[in-house]
A.B. asks: 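Got a structure for you, written out below as structure tokens; questions coming shortly.
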Amino acid sequence: DTGVSQDPRHKITKRGQNVTFRCDPISEHNRLYWYRQTLGQGPEFLTYFQNEAQLEKSRLLSDRFSAERPKGSFSTLEIQRTEQGDSAMYLCASSSYQTGADEAFFGQGTRLTVV
Amino acid sequence: SQQGEEDPQALSIQEGENATMNCSYKTSINNLQWYRQNSGRGLVHLILIRSNEREKHSGRLRVTLDTSKKSSSLLITASRAADTASYFCAIGGTGRRALTFGSGTRLQVQP
């Protein structure tokens, strides 16, 4: 257990539905990342927050995707009008600016299946 | 696109043998990190090597970095069945905070 928790662990949804995932980072970490991982591939970067500011977004993050981090604590990732191609593992990670450490601590992920 | 490319894609060895996996990348880096992932689980950080370092050790792990060749290697010595997992290199690029991952090496250690 790295201290980063994600909820839910699994989500099955019908195509066209909206889904929302939550990530609770390690409490003293001010950096939070979302990644997406498909089977047999490495994680692909989606977006990055420093405190509550969303500082970087990947081109993978289409307009159907939105992420928030109110008050710089937990974060949510919402996918609207889900498509079968959205099926993947969604990983959240956090790291700390203050310590200057660059290592990221990952949660166990949310596995999304769109049927 | 994934900047780091691991080689080999899959590796099967006997318990007690050493496992070596390589990572190549294309752009300048701030640091390079190695992560491990058990099937269906999150990633666990193993070791970080900065661009001005050439070699680093952590327990049974040894990482080397050759910035002139834009490559890194991860050596796991005296492997155990519990080392069975996927191993990913992750590039900490200059000017970016997010990591760029390779496609991973799937290691199988036979007991």
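What you see below is based on every heavy atom in this structure, not just the backbone, and it leaves out hydrogens, waters and symmetry mates. None of these values were measured; they are calculated from a predicted model. Within every chain, numbering begins at 1; the chains are lettered A, B, ... in the order of the sequence lines, protein sequences first and strands thereafter.
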A.B. asks: Quick check: does any side chain N or O of Q108(A) sit under 3.5 Å from a backbone N or O of G42(B), one acting as donor and the other as acceptor?
C.D. replies: yes
A.B. asks: Could you tell me if the side chain of F105(A) sits less than 4.5 Å from the side chain of V44(B), heavy atoms only?
C.D. replies: no
A.B. asks: Within a 6.0 Å radius of atom CD on Q110(B), are there more than 12 heavy atoms belonging to other residues, nucleotides or ligands?
C.D. replies: yes
A.B. asks: Select one option (side chain, backbone, both, neither) describing which atoms of I47(B) are under 4.5 Å from chain A's heavy atoms.
C.D. replies: neither
A.B. asks: For Q37(B), which atoms come within 4.5 Å of any heavy atom of chain A: side chain, backbone, both, or neither?
C.D. replies: side chain
A.B. asks: Identify the two heavy atoms, one from R106(B) and one from G40(A), that lie closest to each other, and give their separation to 0.1 Å.
C.D. replies: NH1-O, 3.9 Å
A.B. asks: Specify which of E56(A), M89(A), Q6(A), R111(A) makes the most heavy-atom pairs with chain B at under 4.5 Å.
C.D. replies: E56(A)
A.B. asks: Got a sec: does the CD of E68(A) have more than 12 other heavy atoms crowding it under 6.0 Å?
C.D. replies: no
A.B. asks: Using a 6.0 Å cut-off, check whether atom CZ of R80(B) has over 12 heavy atoms from anything other than its own residue.
C.D. replies: no
A.B. asks: I need the full list of ring pair (Phe, Tyr, Trp, His ring centres under 6.0 Å) pairs touching residues 41-65 of chain B, with sequence neighbours left out, sorted by first then second residue.
C.D. replies: Y35(B)-H45(B)
A.B. asks: Evaluate the side-chain proximity of Y35(A) to F101(B): yes if any heavy-atom separation is below 4.5 Å, no if none is.
C.D. replies: yes
A.B. asks: Please check if atom CD1 in I12(A) has more than 12 non-hydrogen atoms from other residues, nucleotides or ligands closer than 6.0 Å.
C.D. replies: no
A.B. asks: Which atom pair, heavy atoms only, marks the closest approach of G42(A) to F88(B)?
C.D. replies: CA-CE2, 3.4 Å
A.B. asks: How far apart are the closest heavy atoms of E103(A) and L48(B), and which atoms are they?
C.D. replies: N-CD1, 4.1 Å
A.B. asks: Does K56(B) NZ have over 12 foreign heavy atoms under 6.0 Å away?
C.D. replies: yes
A.B. asks: Within the supplied structure, the quantity of interest is the number of heavy atoms (other residues, nucleotides, ligands) at a distance under 6.0 Å from R15(A) CZ; does it exceed 12?
C.D. replies: no
A.B. asks: What's the spacing between T100(B) OG1 and E44(A) CD if we round to 0.5 Å?
C.D. replies: 10.5 Å
